[in-house]
> 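One structure, as structure tokens, below. Some questions next.
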Amino acid sequence: MQTTIRVAVIGGGVVGCSVLYHLTKLGWSDVMLLERSELTSGSSWHAAGGFHTLNGDTNMAALQGYTIGLYRELEKITGMSCGLHQTGGLTLAETQDRFDYMLAERGKHRHMGLNTEILGPAEIKERCPITNIDGVVGALWDPLDGHLDPSGTTHAYAKAARMGGATIHTHTKVIETNPRPDGTWDVVTDKGTVHAEHVVNAGGLWAREVAAMAGLYLPLMPMEHHYIVTDDIPEIYERETEHPHVVDPAGESYLRQEGRGLCIGFYEKKPRAWAVDGTRWDFGHELLPDDLDKIADSIAFSYERFPVLQTAGVKSVIHGPFTFAPDGNPLVGPVPGLRNYWSACAVMAGFSQGGGVGLMLAQWMIEGECERDTSAMDVARYGSWTTAGYTLPKVMENYRTRFSVSYPNEEKPAARPFRTTPMYDIFDQMGAVWGQQFGLEVPNYFAEGDEPRYETPSFRRSNAFAATAREVAAVREGVGFNEVQNFGKYSVTGPGARAWLDRLMAGRVPAPGRISLTPMLSRSGRIIGDFTISCLAEGDFRLTASYGAQGYHMRWFETHAEEGVRVENISDRSTGFQIAGPRAAELLQGCTRADISRLRFLDVARMTVGMADCIVQRVSYTGDLGYEIYCDPMAQRALWQVLWQAGQPLGLKPFGMRAMMSLRMDRLFGSWLREYGPDYTPGETGLDRFIQWSKPVDFIGRTAAEAERKQGTARKLIGLKIDAADSDIHGDEPIWLNGEVMGFCTSGSYSHHLGQSLAHGFLPTEVARPGTEVEVEILGQMRKAVTITETDFDPEARRMRG
Ligand SMILES: Cc1cc2nc3c(=O)[nH]c(=O)nc-3n(C[C@H](O)[C@H](O)[C@H](O)COP(=O)(O)OP(=O)(O)OC[C@H]3O[C@@H](n4cnc5c(N)ncnc54)[C@H](O)[C@@H]3O)c2cc1C
């Protein structure tokens with residue numbers, strides 16, 4: 001065995017083998033895979049081998065499409081068979097809500113170039129005659145769906161990797177991973193030690209144990225999963241073509257042809273986690289004992305949906321474990337806090353996602369960034385707050401709802417409330433209807449009177465509509481407040497702080513007492529942050545950005561750490577409120593002896609508000625006169641008391657995230673990972689207006705941003721005013737022009753203030769100018785829309801700046 005290597009991949013399941021193959025494909029051949037047993041010895045050997053593209057996240061769906069396309073390539077390269085059966089498949093909808101989900105997915109697929117189709121009941125019966133279509137409204141057909149041979153596919157990845165120079169050591173168990181001071185790793189195995197520049201944890205069922213070797217907790221949990229293979233069924237083997245896949249969300253089941261019979265698997269409502277406290281090392285090529293009682297309800301449901309099953313004999317029952325992260329997406333990328341340690345774990349659909357995971361990880365390692373936004377699978381989306389006690393109920397919830405509709409406004413209840421601020425009980429008494437961000441409870445809106453304390457999940461306008469309208473009016477007509485807890489906050493201090501910020505941020509670093517807005521760019525000029533910088537004094541800066549991007553941003557900051565600069569994540573050490581509306585200054589003035597009139601737009605100042613020492617920033621995401629007031633969490637309730645009392649004569653009202661999203665649209669402000677994120681550039685989004693081109697600094701991404709500035713961009717972000725019916729824009733709706741899909745929406749909201757449905761979207765540059773008449777497809781309906789660059793709300797920004 002080689003004793004030094006560039007990359008040591010731990011784990012020879014489908015994911016480890018895919019990572020290994022992609023590393024060689026992208027040019028690194030000095031790579032090694034270590035497998036404690038034979039290849040496929042974890043979950044991979046007993047998978048049902050199904051694959052599909054459906055995923056709520058566009059990038060995940062695209063990567064699933066990439067994975068499926070890769071199998072033919074693998075077969076060609078290696079001469080091995082992956083046992084491909086590309087039958088196509090459909091996902092049934094038996095309620096209008098589920099059908100809305102299919103319509104929304106279909107719309108999204110249009111601009112992604114995926115040729116899915118909406119089918120009516122008769123077409124379902126034609127393609128899939130064994131389905132009882134009673135009560136079925138329609139279905140989404142995906143021609144890419146199919147299944148393969150899991151073992152053959154894993155071995156094909158392995159062979160392709162070997163052909164690219166990789167080595168694979170089976171029966172070689174990793175027992176320790178020890179970091180060296182230079183960031184490299186000693187990977188200790190039962191066959192000797194390998195010194196590796198990088199380590200990839202692709203330990204699958206043992207990913208938690210492998211992570212623990214590096215002192216790390218990864219939020220994932222194995223779950224027990226059943227599928228059944230039937231004896232021969234005449235309705236199947238007498239067909240001329242292979243039977244398509246069918247996902248039946250109502251029964252949480254998937255079905256496909258297996259030989260001359262069927263294979264059906266279940267995501268039952270009463271699932272069971274497996275090996276909760278750790279996977280034993282001697283678990284081998286084993287299945288779990290059958291437990292048909294656990295899936296009895298699901299089986300009964302499937303008998304109704306597919307009556308042929310009632311008389312089919314059972315040939316075999318497969319019951320095995322595989323791992324999930326709390327939200328069901330993989331945990332991929334550089335692990336925050338460790339150097340050169342990479343995660344390729346919690347891939348719950350290795351045969352739909354494994355190729356994409358391998359490609360993204362290899363790009364990240366070799367090129368320093370991925371070609372697309374990987375936020376949905378980035379291991380950094382979970383923070384150090386994540387515990388085993390949180391992971392278990394969340395994973396159980398995810399398993400139960402694996403095939404359920406993903407609603408844009410859905411707030412899943414498991415493992416909540418977990419992280420709360422000192423305001424939790426006060427807001428709760430005020431009627432807060434809670435959402436969750438990065439584990440934190442955040443009010444979405446406030447119910448009043450006998451309004452329900454629960455927002456109905458829907459693709460259409462929900463029961464939050466009236467409450468949101470009320471909160472918007474309170475801000476626009478008087479003054480509203482909410483917390484600033486859910487911002488990522490960083491303190492950057494030291495003699496080198498300004499120079500460091502100048503290098504990391506593309507925009508202007510403000511003078512003492514001032515605030516600036518700036519994009520942060522990757523080397524290739526993509527947007528990896530959308531920051532507000534406040535300069536409290538020379539060498540003392542505060543940064544705010546998205547709360548959910550903390551892990552991502554701190555990892556970037558640590559990678560670019562420099563002597564003389566101290567960067568701290570103070571997101572949970574600094575909290576407070578934002579107040580907004582025409583009476584906001586009056587409110588603040590009533591609570592402090594400082595002279596508020598001297599605070600201009602984009603000024604920052606320290607001041608005592610009530611008893612609390614605060615940092616006050618005059619900025620506003622609502623488009624109104626607004627202040628962010630930051631304090632120590634210990635003083636937050638005292639700060640609240642003083643603001644609340646002073647606010648009573650002014651009609652002060654709390655507002656939640658739903659109102660915030662409506663308010664920001666009045667000024668067409670963009671938001672993180674919707675309009676601004678790694679899929680986009682400053683030129684495309686208009687964030688180039690915040691780049692300080694004149695600064696004599698080679699900030700990260702400058703070369704790429706300058707090249708884009710010279711060349712221009714093929715597409716541009718633009719506002720849209722939409723003649724919507726009962727559903728506004730959530731993101732990914734296609735924009736049609738002259739009968740063709742020319743762009744897509746990124747986000748939107750109903751503007752309660754203007755009484756209009758507003759959105760953002762990307763269109764080709766030549767038509768991304770005000771006044772272009774387009775159509776936006778919302779839930780299968782064409783809605784007229786017109787492009788805009790400003791709304792009728794305060795076009796000169798007098799309220800915000802005045
Ligand atoms: C019943 C069932 C049906 C499924 N059906 C489907 C399906 O239809 N479609 C689909 O896409 N997915 C399906 N899956 C899920 C799929 O099996 C997994 O997504 C996939 O196998 C995960 O692969 P992996 O490489 O991450 O992990 P694993 O397959 O668990 O591989 C991890 C490997 O790491 C090795 N390892 C661990 N620790 C060490 C160490 N210390 N040293 C060396 N080696 C180590 C293990 O021996 C193992 O070989 C199914 C799973 C089950 C259980």
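None of the values given here were measured: they were computed from a predicted structure. As the structure lists them, so they are numbered: ligands from 1, and atoms in each ligand from 1.
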> Distance under 4.0 Å to a non-hydrogen atom of Ala202: what atoms of ligand 1 satisfy this?
32 (C), 34 (O)

> One residue to check: Trp206. Relative to ligand 1, which of side chain, backbone, both or neither has a non-hydrogen atom less than 4.0 Å away?
side chain

> Hey, what's the ring geometry for Tyr71 with Tyr157, parallel, tilted or perpendicular (30° and 60° as the breaks)?
perpendicular

> Which part of Met348 is near ligand 1, with near meaning a heavy atom under 4.0 Å away: side chain, backbone, both or neither?
backbone

> What residue and heavy atom of the protein are closest to atom 19 (O) of ligand 1, and at what distance?
Val347 O, 2.6 Å

> Can you tell me which residue and heavy atom of the protein come closest to atom 43 (C) of ligand 1, and the distance to 0.1 Å?
Arg36 N, 3.1 Å

> Examine the side chains of Glu252 and Ser298 and answer whether a donor and an acceptor come within less than 3.5 Å of each other.
no

> Using a 4.0 Å heavy-atom threshold (strictly under), name the region of Phe324 that reaches ligand 1: side chain, backbone, both or neither.
neither

> Who's the nearest protein heavy-atom neighbour of atom 35 (C) of ligand 1, and how far?
Glu35 OE1, 3.1 Å

> Would you mind running through ligand 1 and noting each atom that sits below 4.0 Å from a heavy atom of Lys173?
42 (N)

> Heavy-atom count check: over 12 atoms from other residues, nucleotides or ligands less than 6.0 Å from Asp277 CG?
no

> Should you measure from each heavy atom of Ser41, which atoms of ligand 1 turn up under 4.0 Å away?
47 (O), 49 (O)

> Looking only at N/O atoms, are Ile10 and ligand 1 under 3.5 Å apart anywhere?
no

> Should we count NZ of Lys191 as having more than 12 external heavy atoms under 6.0 Å?
yes

> Check if Trp45 has a non-hydrogen atom at a distance under 4.0 Å from any atom of ligand 1.
no

> Only heavy atoms count here, so choose which of Val15, Leu205, Leu220 is nearest to atom 25 (O) of ligand 1.
Val15

> Quick check on contacts: which atoms of ligand 1 are under 4.0 angstrom from a heavy atom of Pro321?
53 (C)

> Please identify which atoms of ligand 1 are closer than 4.0 Å to at least one heavy atom of Gly320.
53 (C)

> Distance only, no hydrogens: is a donor on one side chain within 3.5 Å (strictly under) of an acceptor on the other, for Ser37 and Ser41?
yes

> Show, in sequence, the C-alpha distance, side-chain angles and deciding distance for Ile124 and Leu92, and conclude whether the side chain to side chain contact (heavy atoms under 4.5 Å, CB included) test is met.
CA-CA 9 Å; Ile124 298 170; Leu92 302 172; 3.9 Å; yes

> How close does the nearest protein non-hydrogen atom get to atom 30 (O) of ligand 1, and which residue and atom is it?
Ser43 N, 3.0 Å

> Counting each atom of ligand 1 from 1 as listed, which ones have a heavy atom of Val210 under 4.0 Å away?
38 (N), 41 (N)

> Taking atom 32 (C) of ligand 1 as the point of reference, which of Gly50, Gly42, Gly203, Gly284 owns the nearest heavy atom?
Gly203

> Give me the residue, atom name and distance of the protein heavy atom closest to atom 6 (C) of ligand 1.
Ala48 N, 3.5 Å

> Closest by any non-hydrogen atom to atom 31 (O) of ligand 1: pick that one out of Pro222, Cys345, Gly13.
Gly13

> From Arg98 CZ over to Thr91 OG1, what is the distance, rounded to the nearest 0.5 angstrom?
11.0 Å

> Among all protein non-hydrogen atoms, which one is nearest to atom 29 (O) of ligand 1, and what is the separation to 0.1 Å?
Ser44 OG, 2.7 Å

> Considering only protein heavy atoms, which is closest to atom 42 (N) of ligand 1, and at what distance to one decimal place?
Val174 N, 2.9 Å

> If only side-chain N and O atoms count, and only distance matters, is there a donor-acceptor pair under 3.5 Å linking Arg256 with Thr87?
no

> Just to be sure I read this right, does ligand 1 sit under 4.0 Å from the backbone of Pro150, its side chain, both, or neither, counting only heavy atoms?
neither

> Would you say the rings of Phe99 and Tyr101 are close, in the sense that their centroids are separated by under 6.0 Å?
no

> Take Trp364 and His22 through the ring pair (Phe, Tyr, Trp, His ring centres under 6.0 Å) test and state the conclusion after the steps.
CA-CA 11 Å; Trp364 219 329; His22 281 95; over 10 Å; no

> So that I can tick it off, tell me whether Asp291 and Arg272 are bridged by a salt bridge, with the cut-off set at under 4.0 angstrom between side-chain N and carboxylate O.
yes

> With heavy atoms of His225 as the reference, note each atom of ligand 1 found under 4.0 Å away.
1 (C), 2 (C), 3 (C)

> Can you list everything that forms a side chain to side chain contact (heavy atoms under 4.5 Å, CB included) with Ala47? Sequence neighbours excluded, please.
Pro150, Phe351

> Under 4.0 Å from a heavy atom of Ser352: give me the atoms of ligand 1 that qualify, with their elements.
11 (O)

> Tell me whether Phe51 reaches ligand 1 (any heavy atom closer than 4.0 angstrom to a ligand atom).
no

> Tell me whether the NZ or CZ atom of Arg127 lies within the 45° cone about the ring axis of Trp141 and under 6.0 Å from its centre.
yes

> Report the part of Thr323 (side chain from C-beta onward, or backbone N, CA, C, O) that has a heavy atom under 4.0 Å from ligand 1; answer both or neither where that applies.
neither

> Taking atom CG as the centre, does Asp231 end up with more than 12 heavy-atom neighbours from other residues, nucleotides or ligands that are less than 6.0 angstrom away?
yes

> Just grab all the ring-ring contact (aromatic ring centres under 6.0 Å, His included) pairs involving residues 171-191, residues at least two apart or on different chains.
Trp185-Tyr341

> Ligand 1 and Gly350, any nitrogen or oxygen pair closer than 3.5 angstrom?
yes

> May I ask whether Thr172 has any heavy atom positioned less than 4.0 angstrom from an atom of ligand 1?
yes

> Does a salt bridge link Asp327 with Arg381, judged by any charged N lying under 4.0 Å from a carboxylate O?
yes

> How long is the straight-line distance from CG of Asn59 back to CE of Met377, given to the nearest 0.5 Å?
8.0 Å

> Which residue owns the protein heavy atom closest to atom 27 (O) of ligand 1, what's the atom, and how far is it?
Gly204 CA, 3.2 Å

